[in-house]
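Some notes on the structure that comes next.
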Amino acid sequence: MTAQSSFWARRRAAVQAEAEAEARVEAEQLTAVREAELAGKDDAVVLEEMGLPDPDRMQAGDDFAAFMAEEVPKHLRNKALRKLWRSNPVLACVDGLNEYDDDYRAAMLAGGPIQTAYQVGKGMMVHIEEMARQEELAKADAEASDDFVEDIAEQAETEAPEPEPVVSEEQSEDLVADAQDTVEVAPTPRRMRFQFEEAQA
């Protein structure tokens with residue numbers, strides 16, 4: 001039962017939406033036909049046919065609600081609203097607190113022209129080319145640094161000290177013996193000795 005009720009509910013909603021869309025289209029067509037008929041007439045003739053006063057002669061306190069009807073042409077409605085705003089000091093005096101009065105482009109413009117890399121017919125090609133150039137420079141610097149490191153490594157290999165010859169134990173003993181033979185033995189120090197003859201009585 002729940003599935004059936006939800007199906008019929010969706011069906012009724014769809015039918016209602018279709019009816020509203022059709023009514024909206026008919027209303028727009030009637031409005032377009034009416035505006036086309038009134039386009040060739042003078043404003044004074046249109047106001048007289050609709051029984052509306054002249055918006056320019058209206059003052060504060062007059063009823064402007066008649067101009068809000070759908071049958072009234074848009075330009076006459078706007079004309080009446082402008083007169084209403086000028087006649088009412090509450091609406092005419094701007095207190096500066098309206099958020100929609102601010103120019104939110106001021107922060108973006110920063111009081112001067114905007115510099116951009118965009119070019120007509122080329123897009124952002126200049127910016128893309130600059131990025132490619134910087135990338136090539138970075139690659140060239142990396143290759144140069146690698147070559148410098150390789151040169152230093154090769155120079156270090158060429159200037160490396162020759163390894164000391166390996167001496168066997170027998171050769172080392174012979175060398176030690178030869179060194180001992182060649183060493184001059186220092187003379188032993190001599191001490192002076194004194195002898196005293198005792199005096200005979």
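Positions are given from 1 along the sequence. In this text the structure is predicted, and so the values were computed from the model without any measurement. Any value given below was found using the heavy atoms of this structure, including those in side chains, with hydrogens, waters and symmetry copies removed.
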Inset, instruction - Not counting sequence neighbours, which residues clear side chain to side chain contact (heavy atoms under 4.5 Å, CB included) with Glu71? List them please. - result: Arg34, Met50, Ala69
Show me the side-chain donor-acceptor pairs of residues 18-29 shorter than 3.5 Å, one per line, residues at least two apart or across chains.
{"unit_1": "Glu20", "atom_1": "OE2", "unit_2": "Gln16", "atom_2": "NE2", "d": "3.4"}

Legend entry - From CG (Asp43) to CG (Leu76), nearest 0.5 Å: 4.5 Å
Legend entry - Lys139 bridged to Glu136 by N-O distance under 4.0 Å: no
Inset, instruction - Identify the heavy atoms of Pro55 and Ala80 that sit nearest to each other, and give their distance. - result: CB-CA, 3.9 Å
Inset, instruction - Kindly compute the distance separating CG (Asn78) from NE2 (His75), expressed to the nearest 0.5 Å. - result: 9.5 Å
Inset, instruction - For Arg11, enumerate each residue passing the side chain to side chain contact (heavy atoms under 4.5 Å, CB included) test, keeping only those at least two apart in sequence or located in another chain. - result: Trp8, Val15
Legend entry - Contact list for residues 72-94, test salt bridge (Lys or Arg N to Asp or Glu O under 4.0 Å), sequence neighbours left out: Asp56-Lys79
Side chains of residues 58-65: which donor-acceptor pairs under 3.5 Å do they make with residues two or more places apart or in other chains?
{"unit_1": "Asp62", "atom_1": "OD2", "unit_2": "Gln59", "atom_2": "N", "d": "2.6"}
{"unit_1": "Asp63", "atom_1": "OD1", "unit_2": "Ala65", "atom_2": "N", "d": "3.0"}

Legend entry - side chain to side chain contact (heavy atoms under 4.5 Å, CB included) partners of Met131, counting only residues at least two apart: His127
Legend entry - Side chain to side chain, Phe67 and Pro53, heavy atoms closer than 4.5 Å: yes
Legend entry - Hydrophobic cluster membership, Met68 vs Val46, 4.5 Å side-chain cutoff: yes
Legend entry - Where Leu52 and Ala66 come nearest, the two heavy atoms and their spacing: CD2-CB, 3.5 Å
